[in-house]
There are 2 protein chains.
Amino acid sequence: MTHNSENFRSNCPINFVLETFGDKWTLLIVRDLMFKSKQYYGEFLKSNEKISTNILADRLQKLESSGVIKKAMDTQNKSKVLYSLTDKGKDLLPIMLEITSWSHKYDDKTNVPENFIKALSTNRASVISQTLSKLK
Amino acid sequence: MTHNSENFRSNCPINFVLETFGDKWTLLIVRDLMFKSKQYYGEFLKSNEKISTNILADRLQKLESSGVIKKAMDTQNKSKVLYSLTDKGKDLLPIMLEITSWSHKYDDKTNVPENFIKALSTNRASVISQTLSKLK
DNA sequence: CTAAGCACTTGTTAAATGCAAGTGCTATGA
DNA sequence: TCATAGCACTTGCATTTAACAAGTGCTTAG
């Protein structure tokens with residue numbers, strides 16, 4: 001969905017991210033690409049949250065058309081499709097890190113490695129560069 | 001929704017915020033409280049995105065039960081209800097600011113004052129303290 | 001050439017949303 | 001004090017979206 005569509009709601013920056021990420025599933029795909037080194041359709045399906053196949057297909061297509069992810073053919077296996085983050089997708093990292101901090105603070109069930117939390121508060125820049133470097 | 005409910009999906013921090021904010025409306029209420037000095041039901045209804053009354057009532061109740069906002073009686077007018085952010089809600093500010101930066105970068109229709117964007121990149125701490133100070 | 005894996009599609013049922021109208025308080029003015 | 005209006009919701013119903021199970025078509029491995 002874009003601001004040009006018939007579903008246009010406002011010019012607000014908060015609203016803009018909601019138009020792309022305002023559901024229960026889309027950001028989980030970004031998470032899997034960004035932090036869990038997943039890149040195949042079948043890998044996204046295996047996440048704990050158990051996304052259904054039609055919703056996954058729908059969200060992958062929407063993320064691609066909004067320029068957050070891109071598709072590529074797996075050069076090793078032509079029946080496989082490789083998904084990856086674009087620069088626009090990688091730029092979501094600061095948002096993801098703030099979300100992680102907030103959840104760590106307010107949800108005692110949230111499971112984030114303690115050294116990641118510590119690095120985040122003491123050396124945020126290197127957390128960012130290390131995370132991005134793994135995305136090649 | 002909490003991690004104890006029957007809808008539990010995972011212990012992931014990204015999933016945790018999606019359980020509360022994973023829809024098209026909830027975060028707009030937080031935005032209105034945080035940046036637009038709104039505090040009444042009728043004020044939220046007037047936002048550009050045009051939330052419907054039943055959805056607004058539902059989201060206000062969910063935000064209250066998740067501890068992000070709190071209700072109070074208006075001391076001037078007993079027929080009015082005052083909504084405000086809790087500390088947990090105010091702690092969403094860094095997330096909101098990162099969202100604002102991302103949308104400003106990737107959506108040319110997004111309308112954020114240029115001096116706010118500039119302050120955000122050069123003096124983030126003071127943007128935070130000034131925003132919070134207006135929330136009393 | 002057959003079987004299995006992978007990335008989706010399709011169909012149906014269940015849930016969430018959008019819209020219009022209504023309800024029950026409180027305040028205000030004649 | 002009694003009618004009117006404002007405010008914060010509720011309710012009912014039509015439409016849209018999501019969940020679940022099953023199926024399809026292409027690719028590759030044996």
Side-chain angles (χ1 to χ4, degrees), chain A residues 1-2 5-10 15 18-29 32-33 36-66 69-84, chain B residues 1-2 5-10 15 18-29 32-33 36-66 69-84:
Chain A
M1 188 184 305
T2 73
S5 82
E6 59 191 33
N7 297 307
F8 171 79
R9 303 199 302 180
S10 76
N15 182 64
L18 292 177
E19 285 177 357
T20 302
F21 302 102
D23 76 291
K24 290 232 183 298
W25 297 108
T26 304
L27 210 58
L28 296 179
I29 298 172
D32 285 351
L33 286 161
K36 297 182 187 282
S37 302
K38 298 187 181 181
Q39 40 193 2
Y40 298 111
Y41 185 95
E43 292 180 303
F44 302 127
L45 278 184
K46 285 181 199 124
S47 294
N48 286 334
E49 295 86 3
K50 310 242 170 292
I51 190 169
S52 55
T53 57
N54 56 345
I55 302 294
L56 177 57
D58 178 76
R59 296 307 189 277
L60 286 170
Q61 190 186 310
K62 283 179 174 165
L63 281 171
E64 193 194 4
S65 63
S66 63
I69 68 174
K70 54 183 186 292
K71 286 174 87 162
M73 210 176 57
D74 190 337
T75 52
Q76 303 306 303
N77 183 333
K78 296 210 299 185
S79 77
K80 296 183 85 172
V81 178
L82 259 174
Y83 290 98
S84 61
Chain B
M1 190 184 304
T2 73
S5 83
E6 61 192 33
N7 297 306
F8 170 79
R9 304 199 301 179
S10 76
N15 182 64
L18 291 177
E19 285 177 357
T20 302
F21 302 103
D23 76 291
K24 290 231 182 302
W25 297 108
T26 305
L27 211 58
L28 297 180
I29 298 172
D32 285 351
L33 286 162
K36 297 182 186 283
S37 302
K38 297 186 181 181
Q39 40 193 2
Y40 299 110
Y41 184 96
E43 292 181 304
F44 302 128
L45 279 183
K46 285 182 199 125
S47 294
N48 285 335
E49 295 86 4
K50 309 242 171 292
I51 190 169
S52 54
T53 56
N54 55 344
I55 301 294
L56 177 57
D58 178 76
R59 295 307 188 278
L60 286 170
Q61 190 187 310
K62 283 177 174 164
L63 280 171
E64 193 194 4
S65 62
S66 64
I69 69 174
K70 54 183 187 292
K71 285 174 88 162
M73 209 176 58
D74 190 336
T75 51
Q76 304 305 305
N77 184 334
K78 296 210 298 185
S79 76
K80 297 184 85 172
V81 178
L82 259 174
Y83 290 97
S84 61

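So you know, we letter chains A, B, ... as the sequences are listed, proteins then strands, and number each from 1.
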Asker: Of the candidate nucleotides D/dA21, C/dC19, D/dA8, which contains the atom at the shortest distance from the side chain of B/Y41?
Answerer: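 The closest nucleotide is D/dA8.
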
Asker: Testing the basics here: between A/K38 and A/F44, what is the closest heavy-atom pair and its distance to 0.1 Å?
Answerer: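 Closest approach of A/K38 to A/F44: CB-CE2, 3.9 Å.
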
Asker: Please give, in whole Å, the distance from D/dA18 P to B/D23 CG?
Answerer: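 In whole Å, D/dA18 P lies 11 Å from B/D23 CG.
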
Asker: Write down the distance between NZ (B/K78) and P (C/dA27), rounded to a whole number of angstrom.
Answerer: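 Going from NZ in B/K78 over to P in C/dA27 covers 6 Å.
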
Asker: As a test of reading the structure: which of D/dA18, C/dA27, C/dT17 is closest to the side chain of A/W25, going by heavy atoms?
Answerer: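 Nearest nucleotide to the side chain: D/dA18.
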
Asker: Roughly how many Å is it from CD1 in B/I55 to P in D/dC9, rounded to a whole number?
Answerer: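 To the nearest whole Å, that distance equals 15 Å.
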
Asker: Using whole Å, report how far CG of B/L56 lies from C1' of D/dT11.
Answerer: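 Going from CG in B/L56 over to C1' in D/dT11 covers 16 Å.
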
Asker: Go through C/dC8, D/dA8, C/dG18 for me and flag the one nearest to the A/K71 side chain.
Answerer: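 In terms of side-chain proximity for A/K71, the closest of C/dC8, D/dA8, C/dG18 is C/dC8.
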
Asker: Would you mind reading off the distance between B/K80 atom NZ and D/dC7 atom C1', rounded to a whole angstrom?
Answerer: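 Spelled out: NZ on B/K80 to C1' on D/dC7 is 8 Å.
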
Asker: Assign A/K50 to base, sugar-phosphate, or nothing according to its heavy-atom contacts below 4.0 angstrom with the strands shown.
Answerer: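 Result for A/K50 = nothing.
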
Asker: Rounded to whole angstrom units, what separation is found between the CG atom of B/L45 and the P atom of D/dC9?
Answerer: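 Spelled out: CG on B/L45 to P on D/dC9 is 10 Å.
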
Asker: Rounded to whole Å, please give me the gap between CD in A/Q39 and P in C/dA7.
Answerer: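 Going from CD in A/Q39 over to P in C/dA7 covers 11 Å.
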
Asker: Of the non-hydrogen atoms in A/L18 and B/D23, which two are nearest, and what is the gap between them?
Answerer: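 Answer, listing the atom of A/L18 first, then B/D23: CD2-O, 3.7 Å.
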
Asker: Classify the nucleic acid contact of B/Y83 as base, sugar-phosphate or nothing, counting any heavy atom under 4.0 Å across all strands shown.
Answerer: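 Touches sugar-phosphate only.
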
Asker: Taking only the side-chain heavy atoms of B/T53 (C-beta and beyond), determine which of C/dA20, D/dA19, C/dT26 contains the nearest atom.
Answerer: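 Nucleotide nearest to B/T53's side chain: C/dA20.
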
Asker: If you compare every side-chain N and O of A/R59 against the phosphate oxygens of D/dT17 (OP1, OP2), does one of them come in below 4.0 Å?
Answerer: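 Checking D/dT17 against A/R59, no side-chain N or O comes under 4.0 Å of OP1 or OP2.
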
Asker: Nearest heavy-atom pair of A/S84 and A/L33: which atoms, and what distance?
Answerer: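 The answer is CA-CD2, 4.0 Å.
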
Asker: Strictly below 4.0 Å: does A/Y40 bring a side-chain N or O up to OP1 or OP2 of C/dC8?
Answerer: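 Indeed not, no polar side-chain atom of A/Y40 lies that close.
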
Asker: Kindly indicate whether the side chain of A/E49, heavy atoms from C-beta on, has any atom under 4.5 Å from the side chain of A/W25.
Answerer: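 Touching, per the 4.5 Å side-chain cut-off.
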
Asker: Report the nucleotide, chosen from D/dT28, C/dG11, C/dC8, that has the shortest atom-to-atom distance to any side-chain atom of A/N77.
Answerer: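 Comparing D/dT28, C/dG11, C/dC8 against the side chain of A/N77, the answer is D/dT28.
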
Asker: For B/Y41 and B/T53, indicate whether the former's side chain and the latter's backbone hold a donor-acceptor pair under 3.5 Å.
Answerer: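 Looks like yes, one N/O pair under 3.5 Å.
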
Asker: To the nearest angstrom, how far is A/D58 atom CG from D/dA18 atom C1'?
Answerer: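 One finds 10 Å between C1' of D/dA18 and CG of A/D58, rounded.
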
